[in-house]
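Any value given below was found using the heavy atoms of this structure, including those in side chains, with hydrogens, waters and symmetry copies removed. A note on names: the letters A, B, ... follow the listed sequences, proteins ahead of strands, and every chain is numbered from 1.
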Amino acid sequence: MNLQTILTIKVKQAILKQFTIELPTVEFQPTRKDFEGDITVMVFPMLRHIKGNPVKIGEQIGAFLEQEVDAVSGFNVIQGFLNLVISDAYYLNFFEGIKNDSNYGFAIEVKKNAVMVEYSSPNTNKPLHLGHIRNNLLGYSVAEILKASGRKVYKTQIINDRGIHICKSMLAWQRFGDGETPESTGLKGDKLVGNYYVAFDKAYKKQVAQKVKGGIDPKVAEKEAPILLEAQEMLQKWEAGDKETVALWKTMNGWVYKGFEETYKNLGVDFDTLYYESDTYLLGKDVVEEGLQKDVFYRRDDGSVWIDLTDDGLDEKIILRSDGTAVYMTQDIGTAIQRIKDRPDVGGMVYTVGNEQDYHFKVLFLILKKLGYEWADSLYHLSYGMVDLPSGKMKSREGTVVDADDLMNDMTQTAAEISEELGKLEGYSNTEKRDLYKMIGLGALKYYILKVDPKKRILFNPEESVDFQGNTGPFIQYTYARIQSILRKAEELDSLGFQNLTGMNRSLHPKEKELIKQLQGYPETIQLAAENLSPALIANYTYDLVKEFNSFYQQVSILGEEDGQKKLQRVALSRKVGQVIKSAFGLLGIEVPDRM
RNA sequence: GGUCCUGUGGCGCAACUGGAUAGCGCAUCUGACUACGAAUCAGAAGGUUACAAGUUCGAAUCUUGUCAGGAUCACCA
C-alpha cells in the first residue's frame with residue numbers, strides 16, 4: 001500500500017474519531033519547496049463537511065497522524081495546509097523496494113481491453129514532412145505509454161494509397177517521366193513520386209492560367225483543365241481495374257513504400273498491422289443499410305443517405321452519395337467496424353490525426369455510438385495542432401515543406417558539429433560516432449516536439465536550429481551519460497569489495513530525499529500520461545527528475561563520499577535515476593547514450 | 001456568421017486538473033572546471049496569466065461576455 005492510501009485512511013479515521021463525521025475524500029499535494037514538509041493535506045475542502053477553524057482541524061489531524069503513522073515524523077499547519085514531514089526511513093525503505101525493480105513505473109496488471117493506436121496514415125503521392133513527424137512521434141509515444149500503463153496495444157496505420165492524389169503523380173510520371181525510376185535517378189522512391197506530384201500541379205496551373213486568359217471563368221477553368229480531367233479518368237480506370245493503370249499504380253506505390261520504410265526506420269517508429277485504403281474504401285456501404293433500418297440514417301429523394309445530428313448541436317452529414325458511392329465518412333465507419341472484427345480483443349481506438357479533422361471525428365464517433373457499438377465510447381481522437389512555418393502553412397504542392405529526411409539529417413549534422421567541438425569521444429569509431437550523432441540529433445528533435453502539449457500548434461523556424469541546451473533532449477541524454485560514467489567508475493570500486501555494505505539506518509541529504517520523491521512519482525505519471533494521451537507529461541516529468549539529479553550531483557559527492565554505506569546508496573540512487581531516464585525516454589521513442 | 005481549439009515575463013514552454021508568494025529553459029547580467037563529465041550547476045533581473053464581470057474560503061484553471069490567432073462548417077480526402 002502506498003503512503004497516500006495509508007494517509008487517506010488515517011486522516012479519515014482522525015476525522016471520524018474527533019468529529020464523528022465520515023469524510024468522502026482527502027486531497028493531497030506535494031509540499032511546496034518554500035515550506036517544511038513533504039506531503040500536504042488540504043484542510044480547506046474538509047470545511048464543507050466539518051465546521052471549525054482550519055488551522056485547529058489541521059493540527060488535530062497532524063497530531064493524530066504523527067502518533068499513528070510511522071512514516072510521519074512531524075507536521076506544521078499554515079492556514080489550511082497541513083504539511084507532513086515524512087521520515088528518512090520511509091524514503092530509504094521505499095527506495096530499497098524499487099531499487100532492483102527493472103520494470104519500475106510500468107503497470108503490472110494488463111487491462112482487459114486492447115487498444116488500437118492509429119498514426120501516420122500518409123498519402124502515397126509525396127514524401128513525409130515535419131507535420132508527419134509530429135504525428136508519428138505522438139502516435140508512437142502514446143502507444144508506448146499505453147503499453148506501460150497496462151494496455152495491450154496494436155499500432156496501426158491506414159495507408160491512403162488510392163485516390164486522385166496518386167493518380168496525379170502517375171499521370172505526370174507517364175507524361176513527363178521518361179521512364180525514370182528510383183534506380184535510374186538514385187532518388188528515394190517517395191521523393192521521386194513527390195516530384196511528379198509537384199510537376200502535375202505545375203502543369204495544371206499552367207493550363208488553368210491559359211484558360212483564364214482565354215476568357216474562361218477561373219472556377220470553371222479549375223474544374224476543366226484537361227490534365228485534371230485525365231487524372232479523374234485515370235482514377236475511374238483504376239476503380240474499374242484497368243490492368244495497365246493498376247500495374248503503374250502498384251509500381252509507383254512500391255517506390256513510395258520503400259522510401260517510407262526508410263524514413264520510419266530512421267525515425268524509429270513501427271507498426272503492428274497495416275491497412276490500405278485500396279482494401280477498405282468500399283467498406284461501410286453495408287452499414288448504411290443497417291443504419292437506415294435502425295432509423296439512424298435517412299434517405300433523400302435523390303437517393304443520397306444522410307444523418308441528422310442537429311439535436312446534438314452538429315449539422316446534417318452525408319453518408320452516401322446519390323450515385324451510391326461512398327464518402328470518407330462511410331469508409332471510416334466501415335473501417336472502424338472492420339478493425340474490431342479483425343481484433344476482437346480491441347476495446348478502444350486512438351486516432352492520431354491533426355486538429356483540422358476535429359469535426360470529422362466528433363461526427364464519426366457519434367454515428368458509431370448511434371449505430372449501437374458499445375466500444376464507441378472508447379474512441380479517442382488524439383488531435384494535435386499543425387506545425388507551421390514562419391512563412392505559413394506547409395504545402396507539398398508548392399514545395400514549402402520541411403522534409404522529414406532532410407530534417408533528420410540536419411539535426412544529426414548539428415549534433416555532430418557540437419560533439420566535435422566538445423571533443424569528448426576519444427576512442428569512438430566512426431560508425432559509433434555516426435550512431436551517436438543521430439541519437440542526439442533525433443533526441444533533440446523528438447523532445448522538442450513531444451514536450452509541447454499536443455493540442456498546441458507549433459511554429460517551427462528552420463533558421464533557428466532546435467536547441468541542445470536547457471530543457472532539451474540532449475540535456476537529458478547528457479545527464480544519463482554522466483550517470484553511466486559514474487557507474488563505470490563505481491564498478492571499479494566494486495571490485496574493491498565495498499558493495500557488501502548493508503544497512504540503511506541513516507539520514508538522507510535533502511537532495512537525496514528530493515530525488516527519491518521525484519522517483520516516486522514515475523508510476524502515476526505514466527498513468528496520467530496514458531489517461532490524457534499526452535507524451536508531454538512524460539517529457540516534463542523526466543526533465544524535472546533530471547534537473548533534480550543535476551542539482552544533487554553538483555552539491556553532493558557520490559564517489560568521493562567517505563561513508564561506504566552512503567556512497568553505496570548514492571551510486572544505487574544514481575543508477576535508478578539513470579534507469580528511469582532510459583525508461584521514460586523509451587516511452588518517447590528517444591534513445592540514451594553511454595557517452596556523449 | 002455557427003461550432004471547436006489556443007492566448008501565461010522579449011521568445012519557447014510548465015503549473016499534479018480549483019490550492020500557498022505562478023515555475024522552468026533560451027536570450028541578458030554575476031559567480032563556479034587542479035571537484036564523480038561545464039551539452040552542467042548556483043544566483044540576479046524580468047508577470048495585473050489577452051481584457052472585463054461572475055461563481056467561493058481560494059481562479060492561470062470553472063461560467064458569461066469582449067478582443068486576438070488558428071481550425072472547421074462540400075454529394076473533397
Side-chain angles (χ1 to χ4, degrees), chain A residues 27-35 40 42-45 47-48 54 78-81 83 123 160 163-165 277 281 300 302-306 313-315 317-329 331-332 354-360 362 383 385-386 388 393 415 418-419 421-422 424 440 444 448 451-453 455-459 461 464 467-479 481-490 521 524-525 528 532 536-537 539-541 543-544 546-547 550-561 567 570-571 574 595-596:
Chain A
E27 289 178 43
F28 298 92
Q29 70 177 311
T31 304
R32 291 183 66 114
K33 290 234 164 91
D34 340 298
F35 301 96
T40 297
M42 315 296 300
V43 183
F44 280 123
L47 297 180
R48 256 165 242 150
I78 295 164
Q79 297 169 40
F81 303 92
N83 301 321
N123 288 350
N160 299 306
I164 191 72
H165 50 82
E277 199 198 343
Y281 81 107
R300 286 190 184 170
D302 61 5
S304 58
V305 177
W306 295 73
L314 306 171
D315 54 18
K317 203 79 193 167
I318 189 156
I319 305 294
L320 203 65
R321 279 191 275 247
S322 52
D323 64 3
T325 56
V327 291
Y328 195 44
M329 188 62 75
Q331 275 185 57
D332 270 3
N355 63 10
E356 51 196 355
Q357 293 191 34
D358 283 357
Y359 185 70
H360 174 79
K362 217 174 183 176
S383 165
M386 295 289 106
D388 290 327
K393 270 193 107 159
I418 295 172
S419 290
E421 203 173 306
L422 293 171
K424 296 177 183 176
I440 298 170
Y448 174 83
K451 76 167 180 185
V452 183
D453 182 340
K455 272 189 303 207
K456 296 189 177 174
R457 70 184 200 126
I458 292 181
L459 225 153
N461 189 347
E464 301 164 14
D467 273 334
F468 284 67
Q469 271 164 14
N471 186 357
T472 66
F475 165 76
I476 291 165
Q477 289 172 320
Y478 173 75
T479 305
R482 216 184 205 182
I483 290 171
Q484 301 318 300
S485 172
I486 294 171
L487 297 180
R488 281 192 295 270
K489 294 209 162 98
E524 54 183 297
T525 302
L528 204 63
N532 292 302
L537 296 177
N540 290 329
Y541 168 81
Y543 177 68
D544 290 339
V546 161
K547 211 157 161 35
N550 280 329
S551 178
F552 158 78
Y553 175 90
Q554 188 74 18
Q555 281 187 38
V556 182
S557 187
I558 300 167
L559 298 174
E561 171 59 44
K567 188 200 286 194
R570 284 176 190 167
V571 170
S574 303
R595 285 173 59 187
M596 68 185 274

Whom does [N] pair with, Watson-Crick or G-U wobble, provided both distances fall under 3.5 Å?
N: B/U48; answer: none
N: B/U72; answer: B/G2
N: B/G23; answer: B/C13
N: B/A39; answer: none
N: B/C33; answer: none
N: B/C67; answer: B/G7

How far, in whole Å, is [M] from [N] if one measures between their [atom1] atoms?
N: B/A45; M: B/G54; atom1: C1'; answer: 36 Å
N: B/C24; M: B/A35; atom1: P; answer: 28 Å
N: B/A20; M: B/U61; atom1: C1'; answer: 16 Å
N: B/A50; M: B/G9; atom1: C1'; answer: 14 Å
N: B/C29; M: B/U64; atom1: P; answer: 47 Å
N: B/A39; M: B/C26; atom1: C1'; answer: 14 Å
N: B/C73; M: B/G58; atom1: C1'; answer: 40 Å
N: B/G46; M: B/A15; atom1: P; answer: 25 Å

Here the gap from A/D388 atom CG to A/R457 atom CZ, rounded to the nearest 0.5 Å, amounts to 4.5 Å
- prompt: About how many Å separate CE of A/M596 and CD1 of A/I440, when rounded to the nearest 0.5 Å?
  reply: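 Atom-to-atom, A/I440:CD1 and A/M596:CE are 4.0 Å apart.
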For nucleotides 42-47 of chain B, 5' to 3', base contacts (B), sugar-phosphate-only contacts (S) and non-contacts (-) with protein non-hydrogen atoms under 4.0 Å give S-----
B/S/- along nucleotides 1-7 of chain B (protein heavy atoms under 4.0 Å) is ---SSSS
Closest to the [X] side chain: [options]?
X: A/Y478; options: B/C26, B/A39, B/A77; value: B/A39
X: A/Q29; options: B/A14, B/C24, B/A20; value: B/A20
X: A/S419; options: B/A38, B/G19, B/A39; value: B/A39
X: A/K489; options: B/A38, B/C57, B/C36; value: B/C36
X: A/L537; options: B/U21, B/A15, B/A39; value: B/A15
X: A/R482; options: B/U40, B/C57, B/C26; value: B/U40
X: A/M596; options: B/C16, B/A39, B/G19; value: B/A39

What heavy-atom pair brings [X] and [Y] nearest, and what distance separates the two atoms?
X: A/F81; Y: A/M42; result: CE2-CE, 3.4 Å
X: A/G80; Y: A/P54; result: CA-CB, 4.2 Å
X: A/R570; Y: A/S557; result: NH1-O, 2.9 Å
X: A/K455; Y: A/N355; result: O-ND2, 4.4 Å

Please report the distance, rounded to the nearest Å, between [atom1] in [X] and [atom2] in [N].
X: A/E356; N: B/A77; atom1: CD; atom2: P; answer: 15 Å
X: A/R457; N: B/G70; atom1: CZ; atom2: P; answer: 7 Å
X: A/N83; N: B/G19; atom1: CG; atom2: C1'; answer: 12 Å
X: A/Q469; N: B/C24; atom1: CD; atom2: C1'; answer: 15 Å
X: A/F44; N: B/A59; atom1: CZ; atom2: C1'; answer: 14 Å
X: A/N471; N: B/G25; atom1: CG; atom2: P; answer: 9 Å
X: A/K567; N: B/A35; atom1: NZ; atom2: C1'; answer: 15 Å
X: A/K393; N: B/G69; atom1: NZ; atom2: P; answer: 17 Å

Legend entry - Check: B/A20 base within 3.5 Å donor-acceptor of A/T40 side chain: yes
message = Between the base of B/A35 and the side chain of A/S557, is one N or O donor paired with an acceptor at under 3.5 angstrom?
response = no
Do [X] and [Y] make a side-chain contact, defined as non-hydrogen atoms from C-beta onward lying under 4.5 Å apart?
X: A/R32; Y: A/T40; answer: no
X: A/Y553; Y: A/S574; answer: no
X: A/L487; Y: A/V571; answer: yes
X: A/W306; Y: A/K317; answer: no
X: A/D315; Y: A/Y359; answer: yes

**Study point:** Any A/R32 side-chain N or O less than 4.0 Å from OP1/OP2 of B/G19
**Key:** no
- Ignoring backbone atoms, establish whether A/R488 has a side-chain N or O less than 4.0 Å from OP1 or OP2 of B/C36. no
Just call it for [X]: base, sugar-phosphate, or nothing, with non-hydrogen atoms closer than 4.0 Å on any strand.
X: A/P54; value: nothing
X: A/E524; value: nothing
X: A/L320; value: nothing
X: A/Y543; value: sugar-phosphate
X: A/A481; value: base
X: A/R48; value: base
X: A/L47; value: nothing
X: A/V43; value: nothing

Between A/D323 and A/E464, just flag the one whose closest nucleotide in RNA chain B comes earlier from the 5' side.
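This one resolves to A/E464.
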Check: Where each residue is assigned the nucleotide of RNA chain B containing its nearest heavy atom, which of A/W306 and A/P474 is assigned the position nearer the 5′ end?
Finding: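 Its nucleotide being nearer the 5' end, the pick is A/P474.
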When the ring planes of A/F475 and A/Y543 are compared, do they come out parallel, tilted or perpendicular, using 30° and 60° as the limits?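 The rings of A/F475 and A/Y543 sit tilted, inter-plane angle from 30° to 60°.
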task: Return yes if a side-chain donor-acceptor contact under 3.5 Å exists between A/N160 and A/H165, otherwise no.
output: no
Its glycosidic angle compared against 90° from 0, B/C33 adopts the form syn
- Assign B/U6 to syn or anti; the rule is syn for a glycosidic angle within 90° of 0 and anti otherwise.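 With its glycosidic angle more than 90° from zero, B/U6 counts as anti.
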field: A/A415 backbone acceptor or donor facing A/S419 side chain under 3.5 Å
entry: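 Such a contact is found between A/S419 side chain and A/A415 backbone.
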Indicate whether A/F475 forms a stack on B/A39; treat it as stacked only if centroid distance is below 5.5 angstrom and interplanar angle below 30 degrees.
no
